[in-house]
Amino acid sequence: MNQSNAQTDQTMQDKDDILLRSRRFRTERENDWKTLENLLKRVEAGALSKLTDDEMLQLPRVYRSTLSSLSVARATSLDQDLIDYLESLCTRAYFYLYGTRTRLSERLGAFFRRDWPAAVMGLWRETLISAALMFLGALAAYMLVQSDPDWYYSFVPDGLSGGRSPSADTDFLRDGLYHDDGADGLSVFAASLFTHNSQVAIFAFALGFAFCLPSAMLMVYNGSILGAFAALYVERGLGYELGGWLLIHGVTELFAIILAGAAGIRIGWSLVFSGNLSRLRSASKAGGKAALVVAGVVIMLLFAGLLEGFGRQLITSDLARYSIAAATGTIWFVYFYMRGGRVSHG
Amino acid sequence: MADAADKFVKQANSKKKAAHNGQFSSVQLAEQHRKNAAKKTRRMVTPEGVDLRLNLSDAGERAGAFMIDLMIQLGLLVALSLGVFFSVSPFSQDIAGEFVTIIWLLGAFALRNFYFIAFETGPRAATPGKRIMGLRVVNRTGGRLRAENVFARNAMREIEVFLPLSFTAPGVGVDGWITTAGLIWSLIFLLFPLFNKDKLRAGDMIAGTWVVKAPKLKLNIDLAGQGETQLARGLSFSRDDLEAYGVHELHVLETVLRNDVRETRKEVAEQIRKKLNRKKTKGFTDRDFLVAYYAALRQHLEGRMVMGVRRKDKHDKVR
């Protein structure tokens, strides 16, 4: 208590005069903290590329030094303000240094090359279940509508049918398969198809949270609409033509919806049967994989929406429609199950 | 601020039973802070072996952030539509109309789904709303927050918020039962965060994420510096004076000094002088006295901490 200038603590002599050790500690380490704070401020604003080489090397060093300051401060200092500051600074730095900093292009590359096909491959059991549910729905609706056409109205909502009902005559139905909308509104049509389907797919995924059931029901319901449509057209002798009309985009779209349903089922399943993991851990593990699949599903649906909105209206030959359907089916299959199989094992 | 003083005064007067006379190991030392926030604090150990404390955000902050984000999205859509409409409509009303329809269809979809995803995969892991509220998204395991985590937590929002909303939209011809089912559904998800200890919404649960507070704090001046000046000017405290209080009271005193309200300072200074049995020293203001006592008490308590003894509060019998 013999010094008169304890307030100024810049020089070494003054440092030795400081009474409180924790205060001396602070004056000795403060520069590193400030450096870290400034660097963080710049890189968080997206100026990583503007850092010089020296600063790049400095960042992890001052991070470690600040982290060790935090440990020391917790054990030796009672300055609350200081500890809170270090805690918040270290947390920020930690999230920055250990967070994702890959460029968007790299991330997308990894997604298409590896993550997406591998995740789809990993869901193959759920995909089979989901497809089977949709098929069951279709089969049931098909048989019901065949036995009594009035069933049609219970499966196909008015908004979706657009006059395509058992009361319509065959020529109207055939016409609808080849030019159902004027070419003017195509872009709006494609956009609305895409957004509607994507929303359904995201629902199918998210609904799995309620222990699979809603996802499974959504699959059955989607199948039943298809089945009812098929029964109506087959009865009028338009089965082959309907196939072309549906499958040109339907291979992609139905596959996508089935995958979304599979993702939902995986999540519900992981919640019910969490195995050795805690329920939370199991859900989040399944959630990550399922989300990868559904992110890809949205891309598939964008593609399907374009095929449906433009391709189907502009390509009216049945053979061409079937060829496109076969081609897209093959591409998806090879991509998911051959590439996906290889990367998920490799 | 008056709260802090009340608390201090109350603590000083209370006849609370003396508890906590165990010794504190250095691991437990850090435990002390922010006792009432402890329930919402989670630990995360960095690869360097230091445990960082994360404070979970509360429901109000998150709801606020979400509202801000919704407003921003709506604003963007309206601005974009107006811009496109007025730049195209001189050429053709029809095409302009079609463009605006596409903007609302695709734009609403893109915003609804990708606004959150785009921002939360960025370096700050927060949407503008979250940044304003001082929040960020982190991986629960402490590992890196991956794009699929962010996608999952935001895709779940569809059934948590937008699906129930679509039930309330007028003109959707659904009957009473479906509306009721929709209401029950939305209630389940609305109340979901209340039924788990981490206050997770369904999306966070599936994605394996937390929303935590991420304040940017400034380093304020060290009050002990001012205190040392006052001590050097001649104020001094006996060992008994310094045994009067513990760490808790020291932190309350720090809060009082930092909040810097004259009346509170006066009240607290009087309280301490009463406890220490001393008169007001001439030439020293209440603030001078308080910072000096703060520095002396902190030095005393820190000195004992180095020896592995942490006196929790004034009831702590550790000597």
Side-chain angles (χ1 to χ4, degrees), chain A residues 1 3-4 6-7 9 18-23 26 33 43-44 46 64 67 70-71 74-85 87-88 90-92 94-96 98-101 107 187-188 191-192 195 198-199 202-203 205-207 209 267 280 283-284 287-288 290-292 294-295, chain B residues 26 29-30 33 46 48 50 52-54 98 101-102 105-106 109 113 121 123-125 136 138 140 144-149 151-152 155-156 158-159 163 202 205-208 214-220 222 224-226 228-229 231-232 236 247 250-251 254 258 295 298-299 301-302 305-306:
Chain A
M1 275 176 253
Q3 64 276 59
S4 56
Q7 196 118 53
D9 38 42
I18 292 175
L19 195 61
L20 268 72
R21 269 191 231 197
S22 59
R23 198 162 147 273
R26 172 174 162 166
W33 310 338
V43 292
E44 276 183 346
R64 277 192 293 272
L67 206 57
L70 173 64
S71 296
R74 276 176 182 163
T76 61
S77 173
L78 287 173
D79 187 351
Q80 209 172 14
D81 186 72
L82 174 82
I83 294 177
D84 286 349
Y85 167 79
E87 189 105 46
S88 105
C90 287
T91 311
R92 253 172 87 193
Y94 170 81
F95 284 129
Y96 182 76
Y98 290 94
T100 38
R101 274 187 330 290
R107 197 183 296 157
S187 44
V188 173
S192 73
T195 53
S198 304
Q199 227 67 72
I202 291 175
F203 276 151
F205 157 76
L207 285 168
F209 185 75
I267 287 182
L280 267 182
S284 59
L292 271 178
V294 177
Chain B
S26 64
L29 286 178
H33 269 289
T46 71
E48 293 83 8
V50 177
L52 294 177
R53 254 160 241 127
L54 299 175
E98 191 171 325
T101 317
I102 294 178
L105 276 170
L106 278 183
F109 174 80
N113 291 291
T121 47
R124 290 190 182 92
R136 73 175 291 148
V138 302
R140 277 210 298 272
R144 87 179 21 182
L145 180 70
R146 303 175 66 98
E148 60 256 39
N149 304 131
F151 185 90
M156 289 302 289
E158 284 300 308
I159 60 164
L163 185 61
M205 186 176 162
I206 291 297
K216 275 187 196 165
L217 300 181
K218 279 208 319 261
L219 184 57
N220 296 309
D222 195 340
Q226 301 175 356
E228 284 182 28
T229 315
L231 291 173
S236 66
V247 172
L250 180 76
H251 285 161
E254 184 185 340
R258 290 206 191 278
R298 196 173 114 192
Q299 185 191 21
L301 292 171
E302 282 174 353
M305 242 164 85
V306 172

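Just so we're on the same page: letters track the sequence lines, and every chain starts at 1.
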Audit row: B:L145, B:R136, side chain to side chain contact (heavy atoms under 4.5 Å, CB included) steps and yes/no: CA-CA 11 Å; B:L145 180 70; B:R136 73 175 291 148; over 6 Å; no
Per-residue contact mode, B:A155 against chain A (heavy atom under 4.5 angstrom): both
Contact class of B:Q299 relative to chain A, heavy atoms under 4.5 angstrom: both
Top of B:V138, B:T46, B:L54, B:N220 for chain A proximity - count of heavy-atom pairs under 4.5 angstrom: B:N220
For chain A, the option from B:D222, B:T101, B:N149 that forms the most heavy-atom pairs under 4.5 Å: B:D222
Under 4.5 Å from a heavy atom of chain B, the part of A:I267 involved: side chain
Neighbour count >12 (heavy atoms, 6.0 Å) for atom CZ, B:R258: yes
Salt bridge present between B:E302 and A:R21 (N-O < 4.0 angstrom): no
Non-neighbouring partners of A:R26 that pass side chain to side chain donor-acceptor pair (under 3.5 Å), sequence neighbours left out: none
Any A:R23 side-chain heavy atom under 4.5 Å of B:E228 side chain: yes
